[in-house]
Amino acid sequence: MNTPNALEEASTHAVAAAQLKDLEALADALEMRSHALEAGDLPTVGVHAAGELTAHLLRDLIRETTIESARLRQVGDAFGRDAGASIGIDSTG
């Protein structure tokens with residue numbers, strides 16, 4: 001039975017962190033991957049696949065975050081207009 005090397009472990013952690021949307025853990029895992037590569041660990045097919053999956057999950061997270069940010073901006077804009085109108089502030093400029 002093969003024991004996973006540091007690169008394989010870091011890659012597994014990166015996938016898990018991305019699935020959990022844990023940005024701090026993802027940053028730590030990506031740093032671990034970088035150190036493992038610098039130390040000479042060689043990527044395997046599994047490591048490559050984990051990297052591709054992590055990148056895919058990160059793109060999804062960016063897209064979700066962008067959508068949610070736009071929604072929050074709309075809510076905030078609407079709230080600002082409504083709040084201003086309720087105290088007699090003209091939001092048209």
Side-chain angles (χ1 to χ4, degrees):
M1 179 173 170
N2 287 344
T3 321
N5 63 24
L7 183 56
E8 290 168 336
E9 286 186 36
S11 298
T12 300
H13 288 297
V15 170
Q19 288 172 329
L20 294 171
K21 301 176 182 178
D22 184 340
L23 297 180
E24 186 174 339
L26 179 57
D28 290 344
L30 293 176
E31 186 174 345
M32 288 170 39
R33 274 179 54 105
S34 178
H35 289 302
L37 286 167
E38 289 171 4
D41 282 3
L42 298 176
T44 62
V45 172
V47 165
H48 180 74
E52 290 293 320
L53 179 55
T54 300
H56 174 76
L57 292 166
L58 187 54
R59 283 189 297 271
D60 286 349
L61 181 57
I62 290 168
R63 184 175 40 256
E64 290 171 14
T65 303
T66 301
I67 291 167
E68 288 303 310
S69 291
R71 286 181 185 157
L72 285 170
R73 202 168 16 266
Q74 288 173 343
V75 168
D77 289 348
F79 178 76
R81 281 192 306 269
D82 292 345
S86 70
I87 59 172
I89 298 173
D90 179 9
S91 63
T92 59

Sorted by chain and residue number, the salt bridge (Lys or Arg N to Asp or Glu O under 4.0 Å) partners of E31 (sequence neighbours excluded) come out as none
Quick one: pull up NZ in K21 and OG1 in T65 and give me the separation to the nearest 0.5 Å. 7.5 Å
Would you please name every residue forming a side-chain contact (heavy atoms from CB on, under 4.5 Å) with H48, sequence neighbours left out? E52
Connected-component partners of L57 among ILVMFWY, side-chain separation under 4.5 Å: V15, L53
Could you tell me whether a side-chain N or O of E8 sits under 3.5 Å from a main-chain N or O of N5, the two making a donor and an acceptor? yes
Contact between T54 and L26 at the side-chain level, heavy atoms closer than 4.5 Å - yes or no? yes
Clusters formed by hydrophobic residues whose side-chain heavy atoms approach within less than 4.5 Å: which one holds V47, and what are its other members? L7, L37
Rounded to the nearest 0.5 Å, what separation is found between the CD1 atom of I62 and the CD1 atom of I67? 12.0 Å
Any residue meeting salt bridge (Lys or Arg N to Asp or Glu O under 4.0 Å) with E38, in chain and number order, not counting sequence neighbours: none
Across all chains, not counting sequence neighbours, the salt bridge (Lys or Arg N to Asp or Glu O under 4.0 Å) partners of R73 are none
Could you report the tightest heavy-atom contact between S11 and A50, atom names first, then the distance? CB-CB, 3.8 Å
Minimal heavy-atom distance between A14 and R33, with the atoms involved, is CB-CD, 4.5 Å
